[in-house]
Amino acid sequence: MSDREKRMVVLHGPNLDLLGERPVEHYGTITLATLERLVAREAQRWGWTCLCLQTNHEGTYIEYLHEYRREDALLVNPGAWTHYSYAIRDALELVDCPVAEVHLSDISSREDWRRHSVISSVVNFTVCGKGPEGYLEAVRRVIELAEAL
Ligand code: DQA
């Protein structure tokens, strides 16, 4: 492994910019800015840097996946696109690094339409229902995978 500082890109999808205002029972009170700070701090503990991006536009999200497909690792929370965007699924298939899928809420115990993730089969692992702590777990696990390559 080289000594170059490794970088993780964290991609948040629609409505996650309004974390802190969304239903507390699913998302808690954390804002996106605070969540991103926690994620970046965890990555730094392992000597990694972090680039955090959020968009409400599916095409932009896909272009981020193209642009960052050769990063050292990705952490994605595509919000509601998780449940139906085959375009995001196809873009994830082209990613050439370990990918963690993370959801703050437990999508498996919510509405029927939310229970299925169309991206789970093309990522390395999924963490959901653990709130911000789940992000930190995902950061550690995806770093472990990337460093084992
Ligand atoms: C989410 C779960 C999705 O179902 C929802 O549409 C979101 C957030 C989560 O983090 O729990 O926007 O991805």
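Note that ligands are numbered from 1 as they come in the structure, with each ligand's atoms numbered from 1 the same way.
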Under 3.5 Å: N/O of T82 near N/O of ligand 1: no
Which residue and non-hydrogen atom of the protein lie closest to atom 11 (O) of ligand 1, and at what distance in Å? S105 OG, 2.6 Å
D96 (side chain) donor-acceptor with R70 (main chain) under 3.5 angstrom: no
N/O to N/O below 3.5 Å, does that happen between V102 and ligand 1? no
Suppose we screen for side chain to side chain contact (heavy atoms under 4.5 Å, CB included). Which residues come up paired with R7, at least two apart in sequence or across chains? V9, T49, L51, Y68, E71, D72
With nothing but distance in play, are any N or O atoms of I107 less than 3.5 Å from an N or O of ligand 1? no
Non-hydrogen atom of H83 closer than 4.0 Å to ligand 1: yes
Atoms of ligand 1, numbered as shown, that sit under 4.0 Å from any heavy atom of A80: 5 (C), 6 (O), 12 (O)
As a quick check of understanding, evaluate side-chain contact (heavy atoms from CB on, under 4.5 Å) for T82 and H103, giving each step before the final call. CA-CA 10 Å; T82 303; H103 302 284; 3.1 Å; yes
Verify whether the ring centers belonging to Y64 and H12 lie closer than 6.0 Å. no
If you measure every N or O of R110 against every N or O of ligand 1, does any of those distances drop under 3.5 Å? no
For H83 and S117, indicate whether the former's side chain and the latter's backbone hold a donor-acceptor pair under 3.5 Å. no
Among protein heavy atoms, which lies nearest atom 9 (C) of ligand 1, and at what distance? L104 N, 3.4 Å
Identify, for atom 5 (C) of ligand 1, the protein heavy atom at the shortest distance, and state residue, atom and that distance. R114 NH1, 3.2 Å
Would you please determine whether W81 falls within less than 4.0 Å of ligand 1 on a heavy-atom basis? no
Which residue pairs satisfy the salt bridge (Lys or Arg N to Asp or Glu O under 4.0 Å) criterion with at least one member in residues 98-110, sequence neighbours excluded? none
Backbone, side chain, both or neither: what part of H103 comes under 4.0 angstrom of ligand 1, heavy atoms only? both
Closest non-hydrogen atoms of L92 and V99, given as atom of the first, atom of the second and distance, are CD2-CG1, 4.0 Å
Between N77 and Y135, does the side-chain contact (heavy atoms from CB on, under 4.5 Å) criterion hold? Intermediate values first, please. CA-CA 10 Å; N77 181 350; Y135 274 74; 3.0 Å; yes
Please could you name the atoms of ligand 1 that R22 approaches to less than 4.0 Å, counting only its heavy atoms? 7 (C), 12 (O)
